[in-house]
Amino acid sequence: MNRILRQAMQDCDNYVIEMDYDDAKGNRTHRVVSPIRFMGSYRFLGLCLCREQPRQFQLSRCKNIRLVRAEQVSMPMPIIESSAMAAAV
């Protein structure tokens, strides 16, 4: 996971990440994020392209992280909640 985040941070013009994120209330959402920097060993700061705002993400709550070419992302990105993901399948 850290390798993927570092690659997206180092080549931020070309890459973002997609991930599922469990918030503090246990709600899972699918996010597209441009990682900015690590904040200690357990979280990172990133620009959430769904909320169009900087957010802090705890690494332990990040699931299914994958590197995505930035050119494949169009703005704004919707936040997809896990109940909507399950209904779409």
Side-chain angles (χ1 to χ4, degrees):
M1 174 183 341
N2 286 357
R3 181 188 61 77
I4 292 171
L5 289 168
R6 273 192 205 95
Q7 184 173 354
M9 288 175 196
Q10 291 171 352
D11 196 0
C12 60
D13 288 336
N14 294 310
Y15 292 103
V16 295
I17 61 163
E18 281 188 342
M19 67 179 180
D20 295 326
Y21 188 73
D22 296 328
D23 68 16
K25 296 178 184 175
N27 301 313
R28 180 169 285 188
T29 55
H30 185 77
R31 306 282 185 104
V32 178
V33 178
S34 179
I36 298 169
R37 66 181 171 94
F38 287 104
M39 301 181 69
S41 60
Y42 63 94
R43 61 188 169 142
F44 72 94
L45 176 67
L47 176 62
C48 178
L49 302 180
C50 302
R51 297 207 187 270
E52 299 183 61
Q53 295 180 346
R55 295 278 200 236
Q56 293 182 31
F57 297 94
Q58 289 190 22
L59 293 172
S60 62
R61 295 182 184 167
C62 300
K63 309 289 185 227
N64 305 317
I65 292 180
R66 70 182 191 99
L67 201 59
V68 177
R69 295 212 44 95
E71 64 194 23
Q72 296 175 341
V73 176
S74 59
M75 294 292 293
M77 294 298 303
I79 291 179
I80 302 172
E81 296 187 27
S82 62
S83 58
M85 286 189 296
V89 174

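Residues F57 and R31 meet the side-chain proximity criterion, which asks for heavy atoms closer than 4.5 Å. Between I36 and M9 the shortest side-chain heavy-atom distance does not fall below 4.5 Å. For the pair T29/D23, no side-chain contact is recorded, criterion being any heavy-atom separation below 4.5 Å from C-beta on. Counting heavy atoms from C-beta outward, N2 and L59 have side chains that approach closer than 4.5 Å. Contact annotation: the side chain of I17 approaches that of L5 to within less than 4.5 Å [non-hydrogen atoms, C-beta and beyond].
Scanning both residues, C50 and V32, for their nearest heavy atoms gives SG-N, 3.6 Å. In plain terms, the two heavy atoms of G46 and V33 that are nearest each other are CA-CG1, 3.9 Å. Of all heavy-atom pairs between F44 and M19, the closest is CZ-CE, 4.2 Å. The heavy-atom pair separating D13 from A70 by the smallest distance is O-CB, 3.9 Å.
The stretch residues 62-71 participates, sequence neighbours left out, in these side chain to side chain donor-acceptor pair (under 3.5 Å) pairs: Y15-R69, E18-R66, D20-N64.
Two different hydrophobic clusters hold L67 and L45 under the rule that ILVMFWY side chains link at heavy-atom gaps under 4.5 Å. Hydrophobic clustering (side-chain heavy atoms under 4.5 Å, transitive across Ile, Leu, Val, Met, Phe, Trp, Tyr) groups L47 together with V68.
Qualifying side-chain hydrogen bond (donor to acceptor under 3.5 Å, both in side chains) partners for R55, counting only residues two or more places apart in sequence or in other chains: Q53. Residues satisfying the side-chain hydrogen bond (donor to acceptor under 3.5 Å, both in side chains) criterion with Q56, sequence neighbours excluded, are R43.
Interatomic distance, OG of S60 versus CE of M1, reported as 8.0 Å (0.5 Å rounding). For the atom pair CG (D22) and SG (C62), the distance works out to 9.0 Å, reported to the nearest 0.5 Å. In this structure, the separation between CZ on R6 and CG on D11 is 15.0 Å, given to the nearest 0.5 Å.
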